[in-house]
Protein chains: 2
Amino acid sequence: MRPKLNAQPNKSLIDGIATLQALATSPDPVGCRELARRLNIDSVKVNRLLKTLAYLGIARQTADRKYTAGPGMHVLAAQSLFASGLIRNALPVLENLRRFGHTVALGVLWQDNVSYLFHAPPGLEASRGLGRIGLLPATTSGIGIVLLSEYDDADIRELYQGRDIPMFPEGIEQLLAKLAEVRRLGYARVHVADDRDHHIVALSTGDPAHAGVAMSGWIPEAATAPLIEALRAAATEIGG
Amino acid sequence: MRPKLNAQPNKSLIDGIATLQALATSPDPVGCRELARRLNIDSVKVNRLLKTLAYLGIARQTADRKYTAGPGMHVLAAQSLFASGLIRNALPVLENLRRFGHTVALGVLWQDNVSYLFHAPPGLEASRGLGRIGLLPATTSGIGIVLLSEYDDADIRELYQGRDIPMFPEGIEQLLAKLAEVRRLGYARVHVADDRDHHIVALSTGDPAHAGVAMSGWIPEAATAPLIEALRAAATEIGG
DNA sequence: ATTGTCGTTGCTATATTAGTATCACATCAT
DNA sequence: ATGATGTGATACTAATATAGCAACGACAAT
């Protein structure tokens, strides 16, 4: 599942990307020492990485010498989001799914997190649905569950070894049972145990699967089938 | 203008990001040797960078061992695009600008290129306007011109030293004259010398300026003022 | 078989980076 | 003023992480 560490992993690149992400997810400009503290890396090192990113135009220094995202960040983002074509292909399909009056979402699994690329409750202007939510624990998300089910049990055990699993208080066996159910059905149906009594239905798209589509809202058992059918059509249209 | 190369620039990070971008902009899966040829970097080095990116989940190997974008790429993209809030703030404003019936665009200047984050001709579904166009030479773009005008002449000379300037066959002086005009007016008005006889009006947003908004289409001299006014309102709303 | 790719790794010299100490500049409370 | 703390940034040197060579097995075309 997770690729093994290769012969000569480039540590500078690993730390550099971590810095890049920490910078990207910081809503306000940050100084190098504070960023270093967040990342638990030496501040001099972070400073040099930031200066390198600034040289590339990916970071930018504000008037008070703090760092923030630069134009290169947007270029990088635009390239990586749209070059693959995932979002561009998916958006019209997702808008079409909104006719059911439920929340529509598209997300990817990354390690044990889900990142939503699109997440729009009914009524929200479609263009506002982009990137509304950052990272969520995979097990709290319908898309996360359905994408986790693509891995085999050994991988899942390794991933969650020695850690609490959000939404699965009984631990790994409870999660594995859920994933087995998802594999059997071919889709995930998850009950959201809050006061709104919502359900999520989700399935995966892409070959190999790397993204998930979902609808959530008040979905009684009887209404599941047609929604799954619509999702399946959407998934094939998006993912090829 | 362009940040100086610092004391200890991290070369691994520079090459790593170059590899990341090359991977992102490749529509099909690529092998490490081919990528190395495109980047003019040693193929063994590229291989190790790719394996590191794969370890991070940003790259992914296909069945035939070629490399393509992985889920981490989408996470990175989503984080960098939306964390800053630029796109999220801008989209509703841009949609509103489309009422004039012209092409509406939002872009950033990166080195001597412009990257469009949004570019929608009239009639196009708004959500399709995202990331339609990759990189364009800055001098061929209204947004590029208005963002270049934020730099002073010395920077511009350095940027284009010893190189041809697209759309400015007479060279650097012709470009500098145009930029001076833009600074005087406070916006760019550019004539697109093709058979459609279009004009672009563009102005910058953000403080310090790092993005540009533009409208293009058949815009006679007399119609410029109200468009500029609308753009200016949009720019302050987007950029703060 | 031959020849050409391809991705990948072991090896070793050395270029590159890590971490110390230190600087100049802020801001704050004394 | 004064000292104490914060910041970002750099020179220095030791040590380590990386570059580049050569080579491997796998595949494809000839």
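In the text below, chain A, chain B and the rest are named by the order of the sequence lines, each starting its count at 1. It should be emphasised that the depicted structure is a prediction, and the values quoted were computed from it without experimental measurement.
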Rounded to whole Å, how long is the line connecting atom [atom1] of [X] with atom [atom2] of [N]?
| X | N | atom1 | atom2 | value |
| --- | --- | --- | --- | --- |
| Asn47(B) | dG20(D) | CG | P | 14 Å |
| Ile14(B) | dT17(C) | CD1 | P | 9 Å |
| Asp64(A) | dA26(C) | CG | P | 12 Å |
| Gln61(B) | dG7(C) | CD | P | 9 Å |
| Arg65(A) | dA26(C) | CZ | P | 8 Å |
| Lys66(A) | dA26(C) | NZ | P | 15 Å |
| Leu13(B) | dT16(C) | CG | C1' | 14 Å |
| Lys11(B) | dT17(C) | NZ | P | 7 Å |

If you check the Gln8(B) side chain, which of dC6(C), dT17(C), dG7(C) turns out closest?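 From the listed options, dT17(C) comes nearest.
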
Nucleotide nearest Val44(A) when distance is taken to its side chain, options dT10(D), dT8(C), dT17(C):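 Within the option list, the nearest is dT10(D).
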
Mapping Tyr67(A) and Asp42(B) to their closest nucleotides on DNA chain D, which lands nearer the 5' end?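 Looking at the nearest nucleotide for each, Tyr67(A) comes out on the 5' side.
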
Pick the nucleotide of DNA chain D nearest each of Gly31(A) and Asn10(A); which residue has the one closer to the 5' end?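 In this pair, the answer is Gly31(A).
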
Can [X] and [Y] be counted as an ion pair, charged N to O under 4.0 angstrom?
| X | Y | answer |
| --- | --- | --- |
| Arg183(A) | Asp152(A) | no |
| Glu181(A) | Lys178(A) | yes |
| Lys66(B) | Asp28(B) | no |

Test for a donor-acceptor pair under 3.5 Å between the base of dG6(D) and the side chain of Arg33(A), counting only N and O atoms.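 Checked by distance alone, the answer is no.
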
Using a distance-only criterion (donor-acceptor N/O pair, under 3.5 Å, no hydrogens), is the base of dA18(C) paired with the side chain of Arg48(A)?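 When only heavy-atom distances are counted, Arg48(A) does reach the base of dA18(C) through a donor-acceptor pair under 3.5 Å.
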
Taking atom CD of Glu173(A) and atom CZ of Phe168(A), what is their separation to the nearest 0.5 Å?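 Between Glu173(A) CD and Phe168(A) CZ, I get 12.5 Å after rounding to 0.5 Å.
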
Touch check for Ser12(B), heavy atoms < 4.0 angstrom, all strands: base, sugar-phosphate only, or nothing?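 If one applies the 4.0 Å heavy-atom cut-off, Ser12(B) turns out to touch the sugar-phosphate alone, with no base involved.
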
CG of Asn40(B): more than 12 outside heavy atoms within 6.0 angstrom?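 Count not over threshold, so no.
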
